[in-house]
Amino acid sequence: MTPVSLRRAAATFLDRATRIVGADRVFAAAEDRAAYSDAMAFDPGTHAPSGAVAAETVEEIQALLRIANECGAALWPISRGKNFGYGGTAPVLAGAVILDLSRMRRIIEIDEKRGYCAVEPGVGFFDLYDRLQAMGSKLWLSVPGNAWGSVAGNALERGAGPQPYGDHGAQICGIEAVLPDGSLVRTGAGAMAGSKTWHVARNAYGPGWDQMFCQSNFGIVTKLGLWLMPAPEATMTIHLSLPEPEDLGRGVDMLYPLRQRGLIDHDAAWVSYVGIASYVGPRSQWYQGDGLLPDEVGRTIRQELGIGWWNAELNFYGAEPVIAAKLAVVKAALQPHFRDPITHTVWRQGDPFALSKAGIPGTRDMAMIGWYGGRGGHIGFSPLLPADGAQANAQLARTRRRYAEAGIDYYGAFAVGGRTIVNINEILYDRDDPKMARNVPALMDALIADAAAEGYCEYRTHIDHMDRVAASFDFNDHAMRRLNGRLKDMLDPNGVLAPGKQGIWPRRFRDR
Ligand code: ADP
């Protein structure tokens, strides 16, 4: 299928879609196409969609899939489309039509006692937070750093937050999805009509399919169950900082055994100082020159902001005697690494909620795209490492070298789990800088290749790099790509749903 015939199919689809959803929910003008492109791309044309259609019901989604199958259009579903750093609203394949689910905003259920919610795809973190607050709920959210997006879209992409329930993909329990042929399924216990345990039982009968709809193109998720954390009686917080880049290794080794043993309640991230400075203001307030931030400027930034090269926050959640005991053990383990006595703060129910360490949605992290000035952007490079200080240090050295070659200030975070590290590196840039337009894609390619050579894979990637990352999963001559391809062809024989997502291509595009 050529780009021209895909666009022609899209035009037919958009025309017919007006009969299903009405003209006011079909967006095909030039400014609509621009609005649904990747707002942070150097060249938004690379992944420009043909237009967008907003669906409001499962029946509309089914009807739209039917006409997509008939006319050969490709649909790219989004929930709220705030997948910034990984492609935003844009599809992998230019010419696809965005299926915008952001108007499906029903919070279907909040079960206060069992601790879960069930939401439609368009429900944002702010929506759910507001509802929980209005109800006086005793359930707490986990939110990503920039919380503009949707609860469902973020969980489906395996987004993360710094709270105990911060592995959002792992909190999913029970999904409803429309398959590419329009059939409707429910996963887990929800496969039983009238099930009483859809969103509480993870391991029902037979294979578990919740994860089948995460980072895939096998279905359009229309309902999603997500576990929420019961509000703790108290929280306690300690802030840690380490002065030198090479301190990362001991920073990892001091945390992961405590996390593994359940003494730390969440994945705590070591965040490099440029990351923190980028939330505060643009680089120009510190340095106006070209090239990398000089070391002495870095020192000034750290001094003035009162931070280290690496910075982490550890939070404890629960009944006060329990977390006080955990905190004491953690402090004793960590204190030998620090000169100053480790202090902590306490929050108790009734204190100002903003200080609680609950997941409160915000958008502060988005300020980072202003680092270089101009029309800013960022892209994420997100490999997984084993929890091991020496490997973290080696990865840091490799990554910093590549950033330096590209002339871009290093910004990395290492979220330390009990067994893995999620290493999110943000590459910040100015979209109008031609040198960055050349260097950033080359930097991403080099980082992905370096990581793969070391046996580290990405957990998520930008739409520009989905094929390259998929190709790095090469065991037995890319057996996983073949398995995904076979499933894709079986479920989506006409290749209408999100072609190329996560490097999974339906047959009709495989030789493109
Ligand atoms: P958010 O607004 O929460 O950041 P997005 O809506 O941008 O999330 O979704 C991120 C990606 O996840 C999309 O590009 C798409 O590939 C996938 N996705 C989102 N919502 C759905 C859905 N309801 N069904 C299937 N895939 C989805």
Side-chain angles (χ1 to χ4, degrees), residues 35-41 47 49 52-58 60-62 64-65 74-93 96-106 108 118-128 141-161 168-169 172 175-180 184-185 187 209-226 361 363 365-366 378 380 459-464 466 488 491-492 496-504:
Y36 281 99
S37 294
D38 180 0
M40 293 188 183
H47 300 280
V53 176
E56 287 182 354
T57 63
V58 168
E60 285 179 358
I61 293 171
Q62 290 173 310
L64 291 166
L65 277 168
L75 302 185
W76 181 270
I78 58 165
S79 286
R80 293 191 61 75
K82 306 293 187 195
N83 197 22
F84 294 125
Y86 298 107
T89 41
V92 167
L93 191 62
V97 175
I98 306 303
L99 180 60
D100 183 341
L101 306 175
S102 62
R103 294 168 189 224
M104 297 177 71
R105 279 178 80 176
R106 248 176 354 121
I108 301 156
V119 293
E120 288 188 338
V123 174
F125 288 99
F126 285 97
D127 300 327
L128 186 56
L141 278 183
S142 171
V143 299
N146 178 34
W148 282 357
S150 65
V151 175
N154 185 273
L156 291 171
E157 290 292 284
R158 307 201 184 101
H168 299 165
I172 297 175
I175 277 177
E176 178 186 271
V178 184
L179 301 182
L184 187 69
V185 292
T187 60
W209 293 118
D210 283 354
Q211 288 295 316
M212 167 181 172
F213 298 105
C214 292
Q215 293 201 6
S216 80
N217 50 12
F218 299 141
I220 298 171
V221 174
T222 48
K223 293 186 181 73
L224 182 136
L226 195 82
T363 56
D365 290 14
M366 213 50 187
H378 72 110
Y459 98 95
R460 185 177 186 182
T461 199
H462 184 274
I463 51 175
D464 270 346
M466 284 187 170
K488 184 67 178 161
L491 293 169
D492 187 8
V496 297
L497 189 62
K501 181 162 167 65
Q502 251 64 30
I504 306 171

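One-based numbering, in listed order, for ligands and for the atoms of each. Computed from a predicted model, the values in this text were never measured in an experiment. Note that the numbering runs from 1 along the sequence shown for the chain.
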Show me which atoms of ligand 1 lie under 4.0 Å from any heavy atom of [X].
{"X": "Gly81", "value": "2 (O), 5 (P), 6 (O), 7 (O)"}
{"X": "Asn154", "value": "3 (O)"}
{"X": "Lys501", "value": "16 (O)"}
{"X": "Ser150", "value": "1 (P), 2 (O), 3 (O), 8 (O)"}
{"X": "Leu101", "value": "23 (N)"}
{"X": "Asn83", "value": "4 (O), 7 (O), 10 (C), 11 (C)"}
{"X": "Lys82", "value": "1 (P), 2 (O), 4 (O), 7 (O)"}
{"X": "Glu157", "value": "10 (C), 11 (C), 12 (O), 17 (C)"}

Measure from the side-chain N and O atoms of [X] to the backbone N and O of [Y], and report whether any donor-acceptor pair falls under 3.5 Å.
{"X": "Thr363", "Y": "Met366", "answer": "no"}
{"X": "Glu60", "Y": "Ala55", "answer": "no"}
{"X": "Asp492", "Y": "Val496", "answer": "yes"}
{"X": "Thr89", "Y": "Gly81", "answer": "no"}
{"X": "Lys488", "Y": "Asn217", "answer": "yes"}

### Query
Is there side-chain contact between Arg460 and Arg158, with heavy atoms separated by less than 4.5 Å?
no
Got the closest protein heavy atom to [atom], with its distance?
{"atom": "atom 25 (C) of ligand 1", "answer": "Gly219 O, 3.5 Å"}
{"atom": "atom 6 (O) of ligand 1", "answer": "Ser79 N, 2.6 Å"}
{"atom": "atom 23 (N) of ligand 1", "answer": "Val221 O, 2.9 Å"}

### Summary
Note: Leu156, heavy atoms under 4.0 Å from ligand 1, region reported as side chain
### Message
Side chain, backbone, both or neither: which applies to Thr89 and ligand 1 if a contact is any heavy-atom pair less than 4.0 Å apart?
### Response
neither
#### Entry: Lys501 with Glu157: basic N within carboxylate O range, under 4.0 Å
yes
### Task
Evaluate the criterion side chain to side chain contact (heavy atoms under 4.5 Å, CB included) for residue pair Leu65 and Leu75; output intermediate values, then yes/no.
CA-CA 8 Å; Leu65 277 168; Leu75 302 185; 4.1 Å; yes
### Query
Does any N/O atom on Ile78 come nearer than 3.5 Å to any N/O atom on ligand 1?
no
### Any Trp76 heavy atom less than 4.0 Å to ligand 1
yes
### Task
Just do the side-chain hydrogen bond (donor to acceptor under 3.5 Å, both in side chains) check on His47 and Asp38 with the steps written out, would you?
CA-CA 7 Å; His47 300 280; Asp38 180 0; over 6 Å; no
### Query
Which of these, Gly153, Pro77, Gly124, Ala155, has its nearest heavy atom closest to atom 13 (C) of ligand 1?
Pro77
### side chain to side chain contact (heavy atoms under 4.5 Å, CB included) evaluation trace for Arg80 with Trp148
CA-CA 8 Å; Arg80 293 191 61 75; Trp148 282 357; over 6 Å; no
